[in-house]
Amino acid sequence: MKHPIPGFLLRLLLLWGAAVPFAPAATPLDLPDLNALMDYRPKMPLRVYTSDNVLIGEFGQERRDFVAIKDIPQIQKQALLAIEDSRFYQHGGVDFKGVARAVIADLSGGLKQGASTITMQVARDFYLTREKLFSRKLTEVMLAYKIERALSKDQILELYMNQIYLGQRAYGFSSAARIYFGKPLKDLSIAQAAMLAGLPQAPSRINPVVNPKGAKQRQHLVLKRMRDLGYITEAQFKSALQENVHALGEGQAFNNHAQYAAEMVRQTVYAQFKEETYTRGINVITTLVQADQDAAYDAVRRNVLAYDQRHGYRGAEAQVALPRNAAEREKVIEATLQKHPASDKLLAAVALTVTPKSLHAMLANGNEIEISGDGLRRAAPALAPQAPAASKLKPGSVIRVVQDSRGRWAITQLPNVGAALVALNNQTGAYRALVGGFDFSASQLNHATQAWRQPGSSIKPFVYSAALEKGFSPGTLVNDAPLTLSGAETGGQPWQPQNDDDVYDGAITLRTALAQSKNVAAVRLLRAITPQYAHDFLPRFGFDAAKHPVNYTLALGTGAVTPLQMAGAYSVFANGGFQITPYLIQKVVDTRGNVLFEAKPVVPGQESARVLDARNAFVMDSMLREVTTSGTGAAASNKLGRHDLAGKTGTSSEAFDGWFAGYSGTTTAVAWMGYDEPQSLGGREFGATLALPMWIDYMRTGLAGKKPTNTMAQPAGVSQSQGDWMLDEFVSTGGIRTLDLDLLQRLKEWGSF
């Protein structure tokens, strides 16, 4: 049976050993070989980057970088040596002077000091346990001598500074610098370097994320040692003591605006490399553009919050009983808020005192805040004396708060509506941005790729495109008037499609009908070309035909699509008729720089990818531009101040889904909003109020610096006829001038024909 002994007795035994020094020749023959040190291969995580080299995701039990000793800043080495092993470059593996100091401190009750050298710690970390056994300690000493014989001091220090655990799954100082401070090791201040140097003693217990106070105390000790050893001046010491060292919270060590995309990459890489995914040091370069990704993230967050603001305050997230004892109360609050993590700038807090005019609350960091005036406006109904018990705020209520640029706090809440925005390069299929929801930590459902929802009117352009193949043109007249389809036509009950606004304009062109999103006109058009023909036309754009009905409701978007699928479909109009294959991963390399995969996208405009006649795409582009200049999407042109935009709004039945799909230049973007469990978004909500503002906010960045392209190049075989575009083969006959026989008869009577 193993019997652990107190640390100070181990130190006494080691000190006694100084009388009979351990010579290298005395090293036992059964010590492990040093292969793990001589051929050091640390477990390196999977890292995911944007195309412009911004880290957006990291996956692995160990978060580490490897940095050669020559690239580790001198101040970081000095900070570590000052606190861990100041005589590292003088001793031979065991520092008996250090052991003596530790024994004296133990016996005198002074400040506890470590007796292990950095070399001994390397021996322990690579080969041994932390049990306090003399046999283990003796082996550690012998291994330290063996290591000192085999490696130079710089090699030993390099191993230590890359291998040591520093809390928060960070291994090595470079990884810790990024995780705690979000910057490279070379950019750390003296104060930050000292804080990292203090972590090896108790990385899980005194790191600056879980124990800021303890980390600060340890940092002060490191700084004092650095000053005493002459590594820093008195002025530097005082300046570092005054520096406010702020550590990033969990998940903030890298840009976390692309978590949905990073997770897509992780799943793809894991499918091929399995568990090696997390240890092999694989780096993935995506096609995402950092500025676009940030813009998409901000657009989704801003517009989801705006929607939530319009639809009232729901009350507290949870309710806890607060003990009277202050210490117990703080423990309860701390435990409660751990279950309600921050969502970017939306912080959780527990209400302490509540009145209609003032609310005091405690944040997760222990700070107390006061909310008053306009900060309470959002939650005013829940603060009123007559508020329903279910929504009334009171002490113990878990709330969400946000701080403005002036430091004033206000009550808000976490939205419960879903949203997505995806943007593609419509020439190559490369993702430019992807946001799958409001908060990845709250819901991992990627709405951009996994949410199959009704497209509503955003499906109409594909019905119109099918009609162009049948001889219709933008100038074809349709009767926008109430319509009843008989049971014989529907195959069931009679059906009366209706316009969303119940406004009917009589004889209008198809161009106007699409721009104003007239439902009845779309149904009449579908009836003219037949649902089966339109249904068979959809796969050209990448839609799954099995997810769409073969009936008249097809024209109103009662099928199912994903935002990504919709982005690919609209790209066919944007690029002149070519189907694209969206791709996210540009390149995969291992830690040695070997290329494991590199994408080979289809060359833009390659005829083998053509799925739509160039003339059809050209005419549809002109109609979709009409939507954004005079139709339901006109706010896009007005707010962006440009007229090279094309797209279509969409609102599904009972406003369960709001869409806007559109493009300009080489960028196609689709925005969507809806609840995971479908329910109405509100009687006054449409694609134009829900998704279009999101799309505009994104495109403001996506199109920045890009000159407008006023029109798509006119292909051969299409001409102006009767005031609008028409395919040449129909010009001689005048094409289909009206799709309703009853309307044609009335127009003749009125002398219009």
Side-chain angles (χ1 to χ4, degrees), residues 63 72-86 105 109-114 118 121 160-161 164-253 326-327 330-331 333-335 337-338 341-342 347 349 362-369 403 407:
R63 302 154 76 174
I72 297 176
Q74 181 70 6
I75 195 66
Q76 186 64 73
K77 289 185 282 190
Q78 291 174 329
L80 174 67
L81 295 176
I83 195 66
E84 288 292 324
D85 192 352
S86 61
L111 182 67
K112 299 295 182 183
Q113 299 182 31
I118 281 178
Q121 291 183 58
Y160 180 88
M161 295 191 76
I164 191 70
Y165 179 60
L166 296 173
Q168 299 298 107
R169 303 200 338 266
Y171 287 79
F173 281 83
S174 177
S175 178
R178 181 168 46 79
I179 287 165
Y180 289 115
F181 305 123
K183 59 176 67 173
L185 195 58
K186 64 181 178 63
D187 294 338
L188 295 189
S189 65
I190 293 173
Q192 291 170 326
M195 185 164 284
L196 293 189
L199 296 180
Q201 182 191 61
S204 297
R205 184 168 51 82
I206 60 169
N207 76 65
V209 171
V210 301
N211 186 358
K213 184 177 180 180
K216 188 74 172 177
Q217 290 174 342
R218 181 71 174 165
Q219 176 216 37
H220 286 185
L221 180 60
V222 175
L223 290 170
K224 184 175 183 300
R225 286 286 294 157
M226 292 176 73
R227 181 200 59 186
D228 293 348
L229 291 169
Y231 293 153
I232 58 175
T233 65
E234 182 68 25
Q236 288 174 314
F237 170 70
K238 291 180 178 178
S239 176
L241 286 181
Q242 296 301 315
E243 183 177 329
N244 181 20
V245 177
H246 172 69
L248 300 175
E250 180 66 30
Q252 295 180 320
E330 286 190 15
K331 289 181 180 178
I333 291 173
E334 180 182 2
L337 293 180
Q338 285 180 354
L347 307 182
M362 180 175 287
L363 300 172
N365 61 9
N367 291 342
E368 289 190 25
I369 62 172
Q403 191 175 30

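Note that the coordinates shown come from a computational prediction; the quantities given were computed from them, not determined experimentally.
- The backbone N or O of Met362 lies less than 3.5 Å from no partner atom in the side chain of Glu368, so there is not a single donor-acceptor pair.
- Between Gln219 and the options Ile206, Val245, Leu241, a side chain to side chain contact (heavy atoms under 4.5 Å, CB included) holds for only Val245.
- Side chains of Glu84 and Gln121: a donor-acceptor N/O pair is present below 3.5 angstrom, by distance only.
- Between Ile179 and Leu248 the shortest heavy-atom distance is O-CB, 3.9 Å.
- Between the Arg225 side chain and the Ala82 main chain, a donor and an acceptor come within less than 3.5 Å of each other.
- Considering every non-hydrogen atom in both Leu196 and Ala176, the closest pair reads CD2-CB, 4.0 Å.
- Atom CZ in Phe237 sits 8.0 Å away from atom CG in Asp228 (nearest 0.5 Å).
- Side chain of Arg218 to main chain of Gly198: a donor-acceptor pair is present (N/O by atom type, distance under 3.5 Å, no hydrogens or angles).
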Please evaluate residues Val222 and Lys224 with respect to the criterion side-chain contact (heavy atoms from CB on, under 4.5 Å), reporting the C-alpha separation (whole Å), side-chain torsions for both, the decisive distance (0.1 Å), and the verdict. CA-CA 5 Å; Val222 175; Lys224 184 175 183 300; over 6 Å; no

Evaluate the criterion side-chain contact (heavy atoms from CB on, under 4.5 Å) for residue pair Ser204 and Val210; output intermediate values, then yes/no. CA-CA 8 Å; Ser204 297; Val210 301; over 6 Å; no

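- When every heavy atom of Ser175 is checked against every heavy atom of Arg63, the shortest pair comes out as OG-O, 2.6 Å.
- Within the model, atoms CG of Leu80 and CE of Met226 stand 10.0 Å from one another, a figure rounded to the nearest 0.5 Å.
- When atom types are taken as modelled, the side chain of Asn207 and the backbone of Pro203 share a donor-acceptor pair closer than 3.5 angstrom.
- When all heavy atoms of His246 and Phe181 are compared, the pair lying nearest together is O-CD2, 3.7 Å.
- The shortest heavy-atom contact between Ala193 and Ala79 is O-CB, 4.0 Å.
- Taking the side chain as every heavy atom from C-beta outward, Ile118 and Leu81 approach each other to under 4.5 Å.
- Ser174 places no side-chain N or O within 3.5 Å of a backbone atom of Leu185 that could act as its donor or acceptor partner.
- Atom CD in Gln78 sits 5.0 Å away from atom CD1 in Ile75 (nearest 0.5 Å).
- No more than 12 heavy atoms of other residues, nucleotides or ligands lie within 6.0 Å of CD in Gln242, so this atom counts as exposed by the packing criterion.
- Across all non-hydrogen atoms, the minimal contact from Leu337 to Ala364 is CD1-N, 3.4 Å.
- In this structure, the separation between CD on Glu234 and CZ on Arg227 is 5.0 Å, given to the nearest 0.5 Å.
- Two residues are said to be in side-chain contact when any heavy atoms from C-beta on lie closer than 4.5 Å; Arg178 and Pro184 fail this criterion.
- Inter-residue side-chain proximity for Lys183 and Gln192 is flagged as met; some heavy-atom pair is nearer than 4.5 Å.
- No side-chain N or O of Gln168 forms a donor-acceptor pair with one of Tyr180 less than 3.5 Å apart.
- Checking side-chain atoms of Gln236 against main-chain N and O of Ile190 turns up no donor-acceptor pair under 3.5 Å.
- Two residues are said to be in side-chain contact when any heavy atoms from C-beta on lie closer than 4.5 Å; Tyr165 and Pro200 fail this criterion.
- The shortest side-chain heavy-atom distance between Leu166 and Phe173 falls under the 4.5 Å cut-off.
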